[in-house]
Amino acid sequence: MGLFLFIFINLNSLLSAWDQRVQLVVYLNDGISADDRKRLDQLISRKIEVVSFEFISRKQAWAKFESSFSKESDLLEKLDFNPLPASYNLKIRSSTDRLAEIRQLSDILVSQAGVESVEYGEKWIGRFETFMIFMKVFLMALASLISLGAVLIISNTIKLSVFSRKDEIELMLLIGATPGSIKAPYLLEGMFQGLLGALVSISLVKLVQVYLKYQFQGSFETLIRGMEFQFLSQTYIVTIFITSIFIGLMGSYISLQQFLNSYYKK
Amino acid sequence: MIQLYNVFKSYQGNPALTDISFIVRRGGFVFVAGPSGAGKSTLLKILFRWESYDRGQVLVNGINVGKLKPNKLHLLRRHIGVVFQDYKLLAGKTIFENVAFAQEIVGTSKKAIRFQTWEALKNVGLSHKKDAYPLQLSGGEQQRVAIARALVNSPEILLADEPTGNLDPEISFEILKLFEQANRKGMTVIFATHNQDILHRGDHPTVSLKRGKVVDSRVLS
Ligand SMILES: Nc1ncnc2c1ncn2[C@@H]1O[C@H](COP(=O)(O)OP(=O)(O)OP(=O)(O)O)[C@@H](O)[C@H]1O
Ligand SMILES: [Mg+2]
């Protein structure tokens, strides 16, 4: 269960890391006037869809290009002019119809003076969106499956502990104990087991995370950036605890109800 | 008050009780007699809704037993003390703990439990064995623990299913006296037995069953 939880959490954080990388690049004309740039700057900063943006001048673009192709510097040296345009990199907030939002934004931007072109990997984003939806459904299904499994496991454990004290419970029923006083200890036991499960899972996730961080920091960092930073947010942990306790409660409730009903002859 | 009107009960199609009707007044003492398999235990089990019945009406202290929902059963059962034919003592608890358990279940305070348990065990002459476990006692002693437990919550109604079981006559009469004593204090008692000596010795109205039918009934008024 802990392992599943681990996979679940990391897939989720990986997806949100990718999610943040969806961006729109606005290439500018080489000879853009200072006024046009100012206007563009204002326009972009007013758009609520844009989470953040960054201006990359021609020089910066060249420096970046150079550093990523330093091995082929022979070839580069032969170029004595800078062919790269200046650009804006916009990070777009995530929303349900982001693709439409991006299209709209790009239409506006491309018609501005001084803008040469706008790129946003239309196909890629479209595919990415479907993939995200698929992954989310997949994760939900996985989570429900795991929860169901946990309910079954806990209900079985409680069943065993109920059966081991069958005579006592029978006598309680015969003498006139209230249903609540019969059930309470077992419901508490179920909740405690849920709590224990959550505790073990979360510690396991933490442990693996720390291990990964120390062992593979360098090589993994680039590959799974975002995963590395994200352990579990506080709300996440609280949700896991509450869900687990609820699962424990459900599990014990089901088996208790079954057991007690067997004593009520129709 | 206990009222039965035309009660029928069968187990998987085999009739166990057929057309049973009788009334026991508050504070009454009634024997249920009949040979083995006549339906005595079944009749008692219906009164505290451990078994259901197929037809008829059963009223106990005004509660319609047949209409009782599972989560309301304790309201009926708290009126009733039962001496089970198989005692139902918990082997893992001492005699004292067994009797105390019945009081814990109904929420008696700790202090009252200690006092009442002691009194109940003294009443059946077993206070010196309070720390023994059920299996360390003789059959008659276990029987008396079961009686102490049934009486300890001072129920309005006492149902005793063969409380003299296979005990020798002397102890049987002592046990009968215990119930008559409780009855004099106002407890309604229904005493099931096939023991003829007991039936003759105690002069009480009797419902005689044979193969689930009332064959002779001196219960009235
Ligand atoms: N749980 C049960 N399932 C099926 N049949 C049962 C069940 N309990 C009792 N019976 C049957 O119902 C009939 C009456 O049984 P019951 O136990 O009421 O008799 P009894 O008068 O108490 O006998 P005894 O003196 O031996 O205790 C018997 O024929 C018995 O086999
Ligand atoms: Mg019987």
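In what follows, chains carry the letters A, B, and so on, assigned in the order in which the sequence lines appear, proteins first and then strands, with residues in each chain numbered from 1.
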Side chain / backbone / both / neither for A:Ile182 at chain B, heavy atoms under 4.5 Å: neither
Flag if over 12 foreign heavy atoms under 6.0 Å of CD, B:Glu119: yes
Exceeds 12 heavy-atom contacts within 6.0 angstrom, atom OH of A:Tyr253: no
Minimum-distance pair of heavy atoms, taken over all atoms of A:Gly176 and B:His74: O-CB, 3.4 Å
Shortest non-hydrogen contact between B:Leu73 and A:Tyr264, atoms and distance: CD1-CD1, 3.7 Å
B:Lys69 versus chain A, the contacting section by heavy-atom distance below 4.5 Å: backbone
A:Tyr263, OH: over 12 other non-hydrogen atoms inside 6.0 angstrom: yes
Between CD on residue A:Glu170 and CZ on residue B:Phe84, distance to nearest 0.5 Å: 8.0 Å
Enclosure of A:Met250 CE (heavy-atom neighbours >12, cutoff 6.0 Å): no
B:Lys88 NZ to A:Glu168 CD distance, which is reported to the nearest 0.5 Å: 14.0 Å
Shortest non-hydrogen separation from B:Arg149 to A:Leu171 and the atoms involved: NH1-CD2, 3.3 Å
Pairwise distance OG1(A:Thr178) to NZ(B:Lys72) - rounded to 0.5 angstrom: 11.0 Å
Distance, nearest 0.5 Å, that separates NZ of A:Lys183 from CG of B:Asn71: 7.5 Å
Under 4.5 Å from a heavy atom of chain B, the part of A:Leu260 involved: neither
Interface moiety of B:Leu68 toward chain A, non-hydrogen atoms closer than 4.5 Å: backbone
Residues, nucleotides or ligands: over 12 heavy atoms within 6.0 Å of A:Phe246 CZ: no
Pick from A:Ile175, A:Leu173, A:Asn261, A:Asp167 with the largest number of heavy-atom pairs that fall under 4.5 Å of chain B: A:Ile175
